[in-house]
Amino acid sequence: MKKTLLLSFIVALISHFNWAQPFAAAQNIDPDTGDEPYEIASGDLDGDGDIDLVMATYFYNSNSPTQDYIKWYSNDGNGNFTVETTVSSTIQWVDGLAVADIDGQFGLDIVATSVNQDKLVYFLSDGAGGFGPETSVDSAIAGPGEVVVSDINNDGNDDLITMSYTNNTTVWYAGDGAGNFSTANTIESGTTDGPYYVDVADFDGDGDLDVVVAFVNSQSIELYYNQYVESGTMTVSWIQDTVPVSTGNSFLFNIGFGDINNDGVMDIYKVDFTSGDVAWYNKTVNGPSVENIISDDNIITNPARAYVIDLDNDMLNDVILTDGGVQDDAIIFFKGASNAPPSATPTFIANNNNIMYDISVEDFDDDGDMDVASIGNTSDTVFWLENQLIVLGLSDSNFEELNIYPNPTNSILHFDGLTEAITISIYDNLGRNVMNTTLTMQQTLDVSHLNNGIYLMKFEGSNSTVKFIKK
């Protein structure tokens, strides 16, 4: 469906980006994915503690069925990927791809939708570095689009959310954590607007997950509130916000939730492929929705995918954007600011003459910062780019002689070169303050009580910060 709409909009022009390079050169993972890789997702697919990748193709050819693939790539923990046995070579036109723990064992499993085969399926990790056969969740969902995995009914199990473009219905399937799913439960239906893109978050802050849907026929974005908590009955039902998030778009290609202006309140963003507008919305419940432009066609003419995450470990969300046309061929990001819109000037990540319809952002080399993986639709490749924005160590010249080790650590951090007492605050990757202490000269710091993960250490009276990994 995306491809059918998309091909008529691509134009051939040329522009250039001249920004500094904060990421290493692309490292090619798969030089021959099959024709037109379209979706990419990431997670620990083999249960070894490292972040792996999965890719799916969508080879559109004049509405004729063609061979497509789902392939996965195992990571050794240092960003070295191996092309593993193909997961599927019979699924076609994959327009939704996600990873999730479907059955509660081994690594994460793979979930996919097929547009022309009208199905939602999954492939279970087999615990031996591979995946089992295709298992059907719904074999009669006409024209499914994106698929998202979240816990809609608050039972601790992964549920699946997708839509039928053909039948104008957005639906969810309740999972039991053992590989079984309910029949389709309706989120919205009864229009001819053509739902196709979806995201899930607790937008109204009430403890259950809400859904935002983009409609490609009406080119509108609508918000639906989960009434699991409000109803008092602990059952899922839905109420549509009385005011649309956005109307009058040209060609919606991506939507999502994220705190764009870092004010602690969830926002909604959109990517309009044809107009070039990438925007975020201050939206109140049943109230106004104010559009704020992040990027326009002067920066990327045909944007494809936005991603909201902290790239430089400053505890502020940044916005990553990929190019989906033939004009710019770039991945860029806009640096986030505290309680303010992101920077108006983008920072360059990559330019490789590929059309990049999707990205995944994870710490692929286990060094404590977020890297970027993407797909080259025109080059039939999968690649990743190492984040070099952050280097383990302190940034303030007043602390140049301070050496903190080992990093990663299991329990104790040593501070060599500390010449005076200093107060330290430690924050987790969600920005929560988890520890405060004062160190004297030559003192060690016990972090054994912290959960495994990435932490940011801030020093009182200084702009210096250091990240460390607790294993």
Side-chain angles (χ1 to χ4, degrees), residues 145-146 148 150 161 163 170 187-188 191 193-206 208-226 238-300 302-310 316-322 324 332-346 359 361:
E146 286 187 324
V148 176
S150 284
I161 304 93
M163 68 289 296
T170 304
I187 297 173
E188 65 79 28
T191 71
D193 292 343
Y196 213 75
Y197 310 106
V198 64
D199 199 15
V200 177
D202 184 7
F203 182 79
D204 56 6
D206 65 351
D208 52 34
L209 295 175
D210 309 306
V211 171
V212 62
V213 180
F215 298 86
V216 297
N217 291 342
S218 63
Q219 289 298 315
S220 61
I221 303 172
E222 301 285 353
L223 189 56
Y224 299 87
Y225 298 108
N226 188 347
W238 304 90
I239 294 179
Q240 182 177 352
D241 193 294
T242 58
V243 181
V245 177
S246 175
T247 59
N249 299 286
S250 300
F251 183 15
L252 290 170
F253 204 70
N254 179 216
I255 59 165
F257 290 109
D259 183 6
I260 308 296
N261 60 341
N262 293 288
D263 64 351
V265 178
M266 192 68 70
D267 307 305
I268 298 168
Y269 63 85
K270 75 168 183 185
V271 176
D272 189 321
F273 180 89
T274 300
S275 73
D277 286 344
V278 179
W280 63 281
Y281 296 89
N282 283 331
K283 176 76 173 75
T284 57
V285 176
N286 294 319
S289 183
V290 179
E291 183 176 271
N292 307 272
I293 298 294
I294 301 171
S295 177
D296 61 21
D297 61 353
N298 291 312
I299 296 175
I300 288 183
N302 300 123
R305 181 69 58 167
Y307 203 106
V308 181
I309 199 168
D310 179 10
L316 299 171
N317 284 329
D318 310 303
V319 180
I320 309 173
L321 184 62
T322 75
I332 61 177
F333 80 93
F334 299 82
K335 182 172 173 55
S338 179
N339 201 26
S343 169
T345 303
I359 57 173
V361 183

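Heavy-atom minimum distance, Met266 versus Ala201: CE-CB, 4.1 Å. Closest approach of Ala306 to Val271, counting heavy atoms only: CB-CG2, 3.7 Å. Nearest heavy atoms, Val319 versus Pro342: CG2-CG, 4.4 Å.
Side-chain contact between Tyr269 and Asn254 is present, with heavy atoms from C-beta onward closer than 4.5 Å. At least one side-chain heavy atom of Ser150 sits less than 4.5 Å from a side-chain heavy atom of Ile161. No side-chain heavy atom of Asn262 sits less than 4.5 Å from a side-chain heavy atom of Asn339. Contact check for Ile239 versus Tyr224: no side-chain heavy atoms found under the 4.5 Å cut-off. In this structure the side chain of Glu188 reaches within 4.5 angstrom of the side chain of Pro195, judged on heavy atoms. For the pair Asp202/Asp210, a side-chain contact is recorded, criterion being any heavy-atom separation below 4.5 Å from C-beta on. Between Ile293 and Trp280 there is no side-chain heavy-atom pair separated by less than 4.5 Å. For the pair Phe215 and Asn217, the minimum side-chain heavy-atom distance is 4.5 Å or more.
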Checklist line | Worked check of side-chain contact (heavy atoms from CB on, under 4.5 Å) between Ile320 and Val361 | finding: CA-CA 9 Å; Ile320 309 173; Val361 183; 3.7 Å; yes
Note to self: Walk me through whether Val198 and Val211 qualify under side-chain contact (heavy atoms from CB on, under 4.5 Å).
What the structure shows: CA-CA 7 Å; Val198 64; Val211 171; 3.5 Å; yes
Next item on the list: Carefully, step by step, assess Ser275 and Asp297 under the rule side-chain contact (heavy atoms from CB on, under 4.5 Å).
Entry: CA-CA 7 Å; Ser275 73; Asp297 61 353; over 6 Å; no
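Judged purely by distance below 3.5 Å, without hydrogens or angles, the side chains of Thr242 and Asn286 pair a donor atom with an acceptor atom. Inspection of the Glu291 and Tyr281 side chains reveals an N or O donor paired with an N or O acceptor under 3.5 Å. Judged purely by distance below 3.5 Å, without hydrogens or angles, the side chains of Gln240 and Glu222 pair a donor atom with an acceptor atom. Asn249 and Lys270 share a donor-acceptor pair across their side chains, judged by distance under 3.5 Å alone.
To the nearest 0.5 Å, atom CG of residue Asp318 and atom OH of residue Tyr307 are 13.0 Å apart. Remark: Asp272 CG to Ile221 CD1 distance equals 8.5 Å, nearest 0.5 Å. Trp238 CH2 to Leu223 CG: the interatomic distance, rounded to the nearest 0.5 Å, is 10.0 Å. In this structure, OH in Tyr196 is found 13.5 Å from CG in Leu252, a value given to the nearest 0.5 Å. Going from atom CG of Asp193 over to atom CD of Gln219 covers 10.0 Å, rounded to the nearest 0.5 Å. The distance from the CG atom of Asp277 to the OG atom of Ser250 is 7.5 Å, given to the nearest 0.5 Å.
Partners of Lys283 according to the side-chain hydrogen bond (donor to acceptor under 3.5 Å, both in side chains) rule, which considers only residues two or more places apart in sequence or in another chain, are Asp241. Residues satisfying the side chain to side chain contact (heavy atoms under 4.5 Å, CB included) test with Asp259, not counting sequence neighbours, are Asn261, Asp263, Asp267, Asn317. Residues forming a side chain to side chain contact (heavy atoms under 4.5 Å, CB included) with Ser295 (at least two apart in sequence, or on another chain): Val278, Ile299, Leu321, Phe334.
Checked by atom type and distance alone, the side chain of Asn302 never pairs as donor or acceptor with a backbone atom of Gly324 at under 3.5 Å. Proximity of a side-chain donor or acceptor of Asn226 to a complementary backbone N or O of Leu209 within less than 3.5 Å is detected. A donor-acceptor pair under 3.5 Å is formed between the side chain of Ser289 and the backbone N or O of Val245.
Partner of Ile260 under the side chain to side chain contact (heavy atoms under 4.5 Å, CB included) criterion, chosen from Asn282, Ile294, Asn292, Ile268: Ile294.
Classified by interplanar angle (parallel below 30°, tilted 30° to 60°, perpendicular above 60°), the ring pair Phe257/Phe203 is tilted.
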